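Quick note on labels: first sequence line is chain A, next is B, and so on, each numbered from 1. Because the structure is a prediction, the values reported are computed rather than measured.
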Amino acid sequence: MIRVDNLTKTFAAPGGGEVHALAGVSLWIDRGEFVAVVGRSGSGKSTLLFAMGGLATPTAGHVQLGETRVYDLDREARAALRRTEVGFVFQTFNLVPYLTCLENVALPALLAGSSRGEATDAAARVLERLGMSARSRHRPAQLSVGERQRVGIGRALVNGPRVLLADEPTGNLDPATADQVVDLLRELNGEGQTIVMVTHDLRLAARAGRIVRLRSGALDTDPPERVTA
Amino acid sequence: MTTAPWLAVRELVVRRGRAALACAVIAAIAATVTATELVARAREEAVAAQIDAMGPALTVVPRGTSTGELARYELGEAALPASAEAAVRAALGRDLRAIERRLVVHRELAGTRVPVVGVAADALPMPLHGPDSVALGSELARRLGNEAGVALDGRELRVEGVLPSTGGVEDLGLFLPLAAAQALAGVEGVNELRLSLRAGVSSRGAEARLTRASLGAAVIRSDRGDVADREAQESLSRHRGSAYAVMAAVAALCLVIAAHLDAAERRVELATLVALGASRRTVLGALLFRSALLAAAGSALGAAGGAALAAAQDPAVAAALARAWSLCVATVGAAVAVGVAAAIPTALATIARDPVRELQEG
Ligand SMILES: Nc1ncnc2c1ncn2[C@@H]1O[C@H](COP(=O)(O)OP(=O)(O)OP(=O)(O)O)[C@@H](O)[C@H]1O
Ligand SMILES: [Mg+2]
């Protein structure tokens with residue numbers, strides 16, 4: 001379903017030389033999997049996640065999402081792919097501060113061309129599903145951090161993406177709230193949602209279906225690793 | 001596509017406090033421009049009216065080459081060719097501000113030969129009602145003294161009023177409705193076209209154009225009208241355009257800074273939009289639309305305020321306020337254009353950034 005093939009991402013280091021954020025990562029993720037990506041800080045987890053979402057052009061290698069080779073597409077086509085096939089969840093939530101929760105969740109639907117009515121209906125359904133209906137008219141600043149992340153997840157889900165890509169979704173949450181967010185992700189996974197979650201909390205990673213470990217831009221076990229939940 | 005304007009409107013409405021300063025600067029500039037322009041226009045119109053009262057810049061009369069022809073003209077028997085007025089309008093176009101048709105004949109009155117002038121009923125400060133209604137030049141009124149009425153060719157005339165002195169031959173004139181003068185002289189047309197030119201148009205140049213147009217008539221230029229026109233031009237219009245250009249540049253600078261600060265503050269938000277799949281056009285549109293909206297709101301407030309201020313200070317502006325809306329629309333239109341242009345560099349720089357980097361640093 002998601003196929004990462006010998007993915008390499010090299011940055012020019014500020015003082016000259018190169019940083020190999022990803023050094024030939026190959027990975028296969030099946031439909032309906034819940035994969036946790038773990039590794040030390042700087043091991044390339046975020047780079048891998050953004051590359052899988054079509055946001056970071058690799059230096060070499062391929063990402064295939066369904067039947068589509070992501071980086072064979074031009075920039076606008078990749079944006080269109082992100083609108084419909086990918087849902088990003090961020091550590092700092094990155095909700096649009098001047099929009100209400102309902103509008104934040106509706107935003108990807110609007111970007112994908114839905115009418116205001118359709119987008120609002122879809123967003124209301126998602127918020128209902130996440131138990132956040134009562135907060136529809138609130139702005140992000142009026143919510144607790146755990147609620148903000150629920151809205152962030154709602155925004156990622158509204159267009160029914162193939163895959164949810166979450167970069168440290170619990171990084172800014174206290175342990176109890178973090179557990180609730182992972183509970184939610186597990187529920188969604190139980191409903192068939194494919195999820196890739198970056199975390200450095202091994203306790204939370206253990207609750208995913210599979211753990212992928214990165215070290216210095218390479219997989220820590222022999223790729224392609226394939227374990228199902 | 002419609003997401004961009006929607007985002008811009010939401011952002012500006014919810015976070016209007018952040019845009020307030022830029023909005024206020026634009027409003028102040030728009031108010032200054034609008035008030036200056038309205039007062040200047042009112043003054044120009046007042047000066048133009050004064051020039052009209054002094055006399056026309058150019059006068060078109062029948063051409064007389066022999067003494068006999070000149071005499072016939074003096075008596076009011078020679079009229080201008082019927083085509084002359086259209087030919088004048090064609091030759092001068094927009095440079096012609098007003099054209100006044102007159103029939104001038106000469107008659108004995110109060111012991112002297114006075115010009116009897118047929119004019120349009122509304123051409124004088126006091127209206128003329130009917131064929132027996134007349135107005136007197138100030139010198140003629142003095143000579144007639146306290147005589148109760150005026151009789152011309154045996155007809156009793158009703159004096160509606162005395163015209164202010166111009167210091168010219170007009171002061172000796174008897175003014176009556178054009179139709180009455182035509183009946184008196186037995187002439188159909190007119191023998192004088194008095195032309196007022198738009199402020200800043202050289203009467204010398206206009207005279208040359210009329211001469212080339214072969215009107216079949218003579219053109220007389222009045223130096224007085226020429227000088228007055230030039231003075232009006234000198235005092236009012238010359239440097240306005242450059243002052244407005246400077247103001248537009250200040251507004252543009254303000255909007256450039258506003259757009260830059262806004263985009264810098266929203267780097268993570270805009271990168272998030274890209275991650276969510278916003279096209280470059282959407283991000284570009286949201287930033288340009290925001291700047292345009294800011295400029296529109298500021299300039300609309302400023303233009304309305306400036307017009308109100310100018311009207312409160314200057315009764316002539318207040319009288320012409322109904323015509324000020326076109327100026328306000330032009331001000332807002334110019335501000336929107338400046339707003340869009342000012343945001344282009346920032347918007348292009350924003351979409352050129354690497355969204356991953358912005359997301360990682362945010
Ligand atoms: N734009 C960039 N320019 C240069 N180097 C970069 C850039 N982005 C990432 N890197 C480097 O690539 C490596 C991997 O970065 P990445 O952000 O993927 O790590 P990470 O595993 O997500 O770390 P963390 O757990 O701290 O988030 C790091 O050494 C980082 O410094
Ligand atoms: Mg990271």
Quiz item: Do B/R357 and A/F11 have side chains that get closer than 4.5 Å, going by heavy atoms?
Solution: no
Practice problem: Among the options A/T47, A/V86, A/L107, A/L81, pick out the one with the most heavy-atom pairs lying under 4.5 Å from chain B. | Solution: A/L107
Quiz item: Checking heavy atoms, do the side chain of B/V13, its backbone, both or neither come under 4.5 Å from chain A?
Solution: neither
Practice problem: Tell me, for B/E11 versus chain A, whether the close heavy atoms (under 4.5 Å) come from the side chain, the backbone, both or neither. | Solution: both
Quiz item: What are the two closest heavy atoms between B/T3 and A/L111, and how far apart are they?
Solution: CG2-CD2, 3.8 Å
Quiz prompt | Residue part contacting chain A, namely of B/R280, when any heavy atom lies under 4.5 Å | solution = both
Quiz item: What part of A/P161 gets closer than 4.5 Å to chain B, counting heavy atoms only: side chain, backbone, both or neither?
Solution: neither
Quiz prompt | Sequence neighbours excluded, every pair satisfying side-chain hydrogen bond (donor to acceptor under 3.5 Å, both in side chains) that has a member inside residues 154-168 of chain A | solution = A/S46-A/D167, A/E85-A/R162, A/E168-A/H200
Practice problem: Work out which heavy atom in B/A278 is nearest to a heavy atom in A/A79; give both atom names and the distance. | Solution: O-CB, 4.1 Å
Quiz item: With side chains defined as the heavy atoms from C-beta onward, is the minimum distance between A/N94 and B/L359 less than 4.5 Å?
Solution: yes
Quiz item: Yes or no on side chain to side chain contact (heavy atoms under 4.5 Å, CB included) for B/S279 and A/R75, after CA distance, side-chain angles and deciding distance?
Solution: CA-CA 9 Å; B/S279 66; A/R75 197 202 266 263; over 6 Å; no
Exercise. List the atom of B/A275, the atom of A/F88, and the distance in Å for their closest heavy-atom pair.
Key: O-CD1, 3.5 Å
Quiz prompt | Per-residue contacts, residues 338-355 of chain B versus chain A, heavy atoms under 4.5 Å | solution = B/I351, B/P355
Exercise. Pick one of side chain, backbone, both or neither for A/R78, based on which atoms fall under 4.5 Å of a heavy atom in chain B.
Key: neither
Quiz prompt | chain B interface, residue from A/E103, A/R139, A/Q91 that has the most non-hydrogen pairs under 4.5 Å | solution = A/E103
Quiz item: Would one find more than 12 heavy atoms of other residues, nucleotides or ligands at under 6.0 Å from atom CD of A/E128?
Solution: no
Quiz item: Below 4.5 Å, heavy atoms only, C-beta onward: do A/L99 and B/R10 meet side chain to side chain?
Solution: yes
Quiz item: To the nearest 0.5 Å, what is the distance between OH (A/Y98) and CG (B/L7)?
Solution: 4.5 Å
Quiz prompt | B/H260 NE2: over 12 foreign heavy atoms closer than 6.0 Å | solution = no
Exercise. Inspect the surroundings of CZ in B/R15 and state if more than 12 heavy atoms from other residues, nucleotides or ligands are less than 6.0 Å away.
Key: yes
Quiz item: Side chains of B/V274 and A/R82: does their closest heavy-atom pair fall under 4.5 Å?
Solution: yes
